[in-house]
Amino acid sequence: MRCPFCAHEDSQVKDSRPTEDGVAIRRRRQCEACGARFTTFERVQLRELTIIKSEGRREPFDRGKLERSIAIACSKRPVPAERLERLVSGIQRRIEISGDSEVPASRVGEMVMEGLRALDSVAYIRFASVYKDFTEAKDFEDFAGTIAEAGRE
């Protein structure tokens, strides 16, 4: 594994353990050249996944991008990091077991919306504001109204 600090090719694994949800291995490594320590994660990947964007462009599935977008929606919210990790892992697993190697971005967005709705209503609205491209305050108001109505049912 290449060192992120000095780009040396060799590092030594100092510690390995499964993550809390058991879907990855966390490894602490030390660079043999500069001595810096860093963490890597090893996950099972069932197949190469491609995301089809709304304009038709294709790009490889990027777990990090999914993690970042969910983390941004949940920033400054009382949502534990392990719940976010479980949400991301669950979405990735659902995509992988769907059997499709090409997945529309809209399907991934809907999975995120579904997960955030159950996790935190503010994070859900934040994500929806970007995903559904809210352009004015009324869009927020209308969307929040649908959440309030659904809560009364």
Side-chain angles (χ1 to χ4, degrees), residues 1-31 34 36-135 139-140 143-144 146-147 150-151:
M1 175 67 59
R2 181 178 304 220
C3 174
F5 302 102
C6 72
H8 185 71
E9 292 289 331
D10 295 319
S11 63
Q12 185 177 19
V13 175
K14 294 295 187 182
D15 180 47
S16 290
R17 62 181 70 178
T19 56
E20 286 185 27
D21 60 1
V23 297
I25 302 285
R26 178 186 181 272
R27 299 193 195 281
R28 284 294 294 162
R29 297 176 174 269
Q30 184 169 4
C31 176
C34 70
R37 289 183 174 236
F38 56 98
T39 303
T40 60
F41 291 90
E42 183 179 315
R43 290 183 171 77
V44 173
Q45 183 174 341
L46 298 177
R47 67 174 57 87
E48 291 293 321
L49 298 171
T50 303
I51 303 299
I52 304 168
K53 304 300 244 175
S54 59
E55 67 277 359
R57 185 173 43 87
R58 288 167 162 64
E59 64 181 49
F61 173 76
D62 181 356
R63 180 186 171 92
K65 188 173 180 180
L66 180 61
E67 289 171 334
R68 285 186 301 277
S69 65
I70 291 173
I72 289 168
C74 293
S75 68
K76 298 183 181 179
R77 298 296 304 152
V79 181
E82 58 272 2
R83 298 272 317 266
L84 297 179
E85 180 65 27
R86 265 187 273 147
L87 175 59
V88 172
S89 294
I91 291 169
Q92 183 175 5
R93 205 170 310 119
R94 284 175 57 192
I95 294 169
E96 288 177 338
I97 63 173
S98 72
D100 299 327
S101 59
E102 292 191 341
V103 181
S106 59
R107 189 180 319 159
V108 177
E110 292 301 323
M111 288 181 199
V112 172
M113 294 273 291
E114 181 183 306
L116 286 176
R117 184 173 193 157
L119 198 62
D120 185 90
S121 59
V122 172
Y124 173 63
I125 292 172
R126 285 178 178 169
F127 185 84
S129 71
V130 175
Y131 178 67
K132 296 188 176 285
D133 195 26
F134 291 175
T135 55
D139 297 337
F140 281 97
F143 188 75
T146 64
I147 295 170

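- Summarising the geometry of Cys74 relative to Leu116, their closest heavy-atom pair is SG-CD2, 3.7 Å, with the distance given to 0.1 Å.
- Heavy-atom minimum distance, Leu49 versus Asp100: CD2-O, 3.7 Å.
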> Passes side-chain contact (heavy atoms from CB on, under 4.5 Å), Ile95 versus Met111? Steps please.
Replying inline: CA-CA 9 Å; Ile95 294 169; Met111 288 181 199; 4.0 Å; yes
>> Leu84 vs Glu67, test: side-chain contact (heavy atoms from CB on, under 4.5 Å). Steps then yes/no.
In response: CA-CA 8 Å; Leu84 297 179; Glu67 289 171 334; over 6 Å; no
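- Minimum heavy-atom separation, Leu87 to Gly115: CD1-CA, 3.6 Å.
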> Step by step, would you call Ser89 with Arg93 a side-chain contact (heavy atoms from CB on, under 4.5 Å)?
Replying inline: CA-CA 6 Å; Ser89 294; Arg93 205 170 310 119; 3.7 Å; yes
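- Sparse packing is recorded around CZ of Arg2, with 12 or fewer heavy atoms of other residues, nucleotides or ligands lying under 6.0 Å away.
- With hydrogens and angles disregarded, a donor-acceptor distance shorter than 3.5 Å links the side chain of Ser11 to the backbone of Met1.
- Considering all non-hydrogen atoms of both residues, Phe38 and Cys31 come closest at CE2-N, 4.3 Å.
- Nearest heavy atom pair, residue Ile72 against residue Arg126, reads O-NH1, 4.1 Å.
- Here the straight-line distance linking atom CZ of Arg107 with atom CD1 of Ile91 works out to 13.0 Å at 0.5 Å rounding.
- With respect to the salt-bridge test (charged N to carboxylate O, under 4.0 angstrom), the residues Arg57 and Glu55 qualify.
- In this structure, the side chains of Glu96 and Phe61 stay at 4.5 Å or more apart for every pair of heavy atoms.
- For the residue pair Ala36 and Phe5, the shortest heavy atom distance occurs at CB-CD1, 3.2 Å.
- Separating the CD atom in Gln12 from the CZ atom in Arg29 is a distance of 10.0 Å, to the nearest 0.5 Å.
- One distance of note links CD1 of Ile25 with OG1 of Thr40; it measures 10.0 Å at 0.5 Å rounding.
- Atom CZ in Arg27 sits 14.5 Å away from atom NZ in Lys14 (nearest 0.5 Å).
- Taking CD1 of Ile70 as the start and CZ of Phe127 as the end, the distance is 7.0 Å to the nearest 0.5 Å.
- Atoms OG and CE, on Ser106 and Met113 in that order, are 12.0 Å from each other to the nearest 0.5 Å.
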>> Let's go through Arg68 and Asp62 carefully: what are the C-alpha distance in whole Å and the side-chain angles of both, what is the deciding distance for side-chain contact (heavy atoms from CB on, under 4.5 Å) to 0.1 Å, and is it a yes or a no?
In response: CA-CA 10 Å; Arg68 285 186 301 277; Asp62 181 356; 3.8 Å; yes
